[in-house]
Number of protein chains: 2
Amino acid sequence: MGAPARKHDVFQAIADPTRREVLRLLAEKERPISEISAHFPISRTAISKHLRILSEADLVKGEKAGRERIYYLQPEPLTELKEWLSFYERFWNNKLQKLKYIVEEE
Amino acid sequence: MGAPARKHDVFQAIADPTRREVLRLLAEKERPISEISAHFPISRTAISKHLRILSEADLVKGEKAGRERIYYLQPEPLTELKEWLSFYERFWNNKLQKLKYIVEEE
DNA sequence: TTGACATGAAACCAAAAGGTTTTATATAAT
DNA sequence: ATTATATAAAACCTTTTGGTTTCATGTCAA
């Protein structure tokens with residue numbers, strides 16, 4: 001009933017720039033690992049590990065298709081981030097309002 | 001002109017749960033280090049390091065006041081996160097719409 | 001001016017993260 | 001059947017991270 005209890009945290013999953021780039025690539029379209037890793041200077045194995053972390057955070061999912069495995073984006077867990085952010089939004093809105101006020105006073 | 005060029009990444013800064021909790025505490029009100037660290041089972045020095053990372057990401061700022069240093073929230077860098085997120089929002093909106101469609105078809 | 005307090009800085013440590021290379025396994029193509 | 005391809009898994013390595021303890025410094029209070 002509680003939280004999703006993912007093995008990997010969304011916050012931690014998106015902390016790495018390589019993983020964010022992987023997400024971006026998968027947002028464009030689903031791809032097999034080899035195609036993904038072609039975009040990076042590191043080994044396919046390293047990318048495979050990143051994909052495992054992303055999939056443990058439920059941000060991507062992979063399905064076997066013949067001898068390859070096609071990965072695709074699973075964006076739902078990002079709602080958790082959005083909720084976290086929304087708590088802080090009012091703070092920076094206040095800040096911006098104050099700034100606006102100051103500017104208009106001039 | 002370009003990006004803020006912070007020493008620490010916002011994504012990386014919020015990856016750690018302790019640092020997120022520090023942010024939450026500072027969202028309530030500004031506090032000196034000792035008061036912050038009283039909320040955690042770890043040493044004051046450890047919290048001090050977390051605060052340094054947060055301030056290098058421009059998420060908090062500290063000002064000396066007598067012999068203590070008062071830290072307060074600086075939420076602006078979170079806009080970067082929000083922008084990053086907004087790119088993905090349409091994806092999960094689509095997903096939810098599709099789900100809604102399926103449910104309504106039943 | 002001496003002592004207590006708040007923080008900063010340095011040295012150190014263990015575990016985790018991000019890589020690599022090597023080995024294994026399943027599927028496709030010849 | 002045999003070979004090539006796509007990925008997974010394991011073993012290993014180095015750097016970073018999150019923590020500790022110890023030492024130094026600045027400020028307030030007696």
Side-chain angles (χ1 to χ4, degrees), chain A residues 5-26 29-74 77 81, chain B residues 5-26 29-74 77 81:
Chain A
R6 298 182 184 97
K7 195 181 165 196
H8 259 99
D9 204 71
V10 176
F11 291 91
Q12 194 259 335
I14 65 162
D16 184 272
T18 300
R19 285 196 289 271
R20 288 200 298 278
E21 180 66 8
V22 168
L23 289 179
R24 203 193 55 75
L25 287 169
L26 293 180
K29 65 171 200 277
E30 57 181 35
R31 311 171 191 255
I33 293 196
S34 46
E35 188 183 327
I36 299 170
S37 68
H39 289 77
F40 297 91
I42 62 181
S43 72
R44 184 191 47 71
T45 310
I47 296 296
S48 183
K49 283 190 184 180
H50 282 305
L51 280 167
R52 196 155 58 78
I53 288 169
L54 287 172
S55 74
E56 280 169 0
D58 291 340
L59 281 166
V60 306
K61 214 174 154 188
E63 256 165 36
K64 246 187 116 176
R67 63 181 150 177
E68 31 183 48
R69 178 178 295 273
I70 310 296
Y71 280 89
Y72 51 92
L73 186 66
Q74 198 89 39
L81 229 183
Chain B
R6 299 184 183 95
K7 196 180 163 196
H8 257 99
D9 204 71
V10 176
F11 292 90
Q12 195 259 336
I14 65 162
D16 184 90
T18 300
R19 284 195 290 270
R20 288 200 299 278
E21 181 65 7
V22 168
L23 289 180
R24 202 191 57 76
L25 287 170
L26 293 180
K29 66 170 198 278
E30 57 181 34
R31 309 171 192 255
I33 293 197
S34 47
E35 187 182 326
I36 299 171
S37 68
H39 289 78
F40 297 91
I42 62 181
S43 72
R44 185 194 45 75
T45 311
I47 296 296
S48 183
K49 282 190 183 179
H50 283 305
L51 281 167
R52 196 155 57 78
I53 290 170
L54 288 172
S55 75
E56 280 169 0
D58 291 341
L59 281 166
V60 306
K61 215 175 153 187
E63 256 165 37
K64 246 189 117 174
R67 63 180 150 180
E68 31 183 48
R69 177 178 294 273
I70 310 295
Y71 280 89
Y72 52 91
L73 186 66
Q74 198 89 38
L81 230 183

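Because the structure is predicted, anything quoted here is derived from the model rather than measured. Throughout, a chain's letter reflects where its sequence line sits, starting with A, and its residues are numbered from 1. Basis for what follows: all heavy atoms, side chains included, without hydrogens, waters or symmetry-related copies.
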Using whole Å, report how far [atom1] of [X] lies from [atom2] of [N].
X     : N      : atom1 : atom2 : result
A/K64 : D/dT5  : NZ    : P     : 18 Å
B/Y71 : C/dT7  : OH    : P     : 9 Å
B/I47 : C/dA6  : CD1   : P     : 16 Å
B/Q12 : D/dT15 : CD    : C1'   : 14 Å
A/E68 : C/dT25 : CD    : C1'   : 16 Å

How far does [atom1] of [X] sit from [atom2] of [Y], to the nearest 0.5 angstrom?
X     : Y     : atom1 : atom2 : value
B/K61 : B/L73 : NZ    : CG    : 12.5 Å
A/Y71 : A/E63 : OH    : CD    : 11.0 Å
A/L81 : B/F11 : CG    : CZ    : 8.0 Å

Identify every side-chain donor-acceptor pair in residues 50-57 of chain A under 3.5 Å, counting partners at least two apart or on other chains, and give the distances.
{"unit_1": "A/H50", "atom_1": "ND1", "unit_2": "A/R19", "atom_2": "NH1", "d": "3.1"}
{"unit_1": "A/R52", "atom_1": "NH1", "unit_2": "A/E56", "atom_2": "OE2", "d": "3.2"}
{"unit_1": "A/S55", "atom_1": "OG", "unit_2": "A/L51", "atom_2": "O", "d": "3.3"}
{"unit_1": "A/S55", "atom_1": "OG", "unit_2": "A/R52", "atom_2": "O", "d": "3.1"}
{"unit_1": "A/E56", "atom_1": "OE1", "unit_2": "A/H8", "atom_2": "ND1", "d": "2.7"}

Residues touching DNA chain C, which here means a heavy atom under 4.0 Å, drawn from residues 30-41 of chain B: B/P32, B/I33, B/S34
Options C/dG18, D/dG19, C/dT7, nucleotide nearest the side-chain atoms of B/A46: D/dG19
Under 3.5 Å, N/O pairs linking protein and nucleotides 9-11 of chain C:
none

Side-chain N or O of A/H50 closer than 4.0 Å to phosphate OP1/OP2 of C/dA17: no
Taking N or O atoms only and anything under 3.5 Å, show me the protein contacts with nucleotides 28-30 of chain D, one pair per line.
none

Sugar-phosphate, base or nothing in reach of B/S43, heavy atoms under 4.0 Å: base
Contacts of type salt bridge (Lys or Arg N to Asp or Glu O under 4.0 Å), residue B/D9, not counting sequence neighbours: A/R20
Would you be so kind as to tabulate the donor-acceptor pairs closer than 3.5 Å made by side chains of residues 32-44 of chain B, with sequence neighbours excluded?
{"unit_1": "B/E35", "atom_1": "OE2", "unit_2": "B/K29", "atom_2": "NZ", "d": "3.3"}
{"unit_1": "B/E35", "atom_1": "OE2", "unit_2": "B/R31", "atom_2": "NH1", "d": "2.8"}
{"unit_1": "B/S37", "atom_1": "OG", "unit_2": "B/I33", "atom_2": "O", "d": "3.4"}
{"unit_1": "B/S37", "atom_1": "OG", "unit_2": "B/S34", "atom_2": "O", "d": "3.2"}
{"unit_1": "B/H39", "atom_1": "ND1", "unit_2": "B/E35", "atom_2": "O", "d": "3.1"}
{"unit_1": "B/S43", "atom_1": "OG", "unit_2": "B/A46", "atom_2": "N", "d": "3.1"}

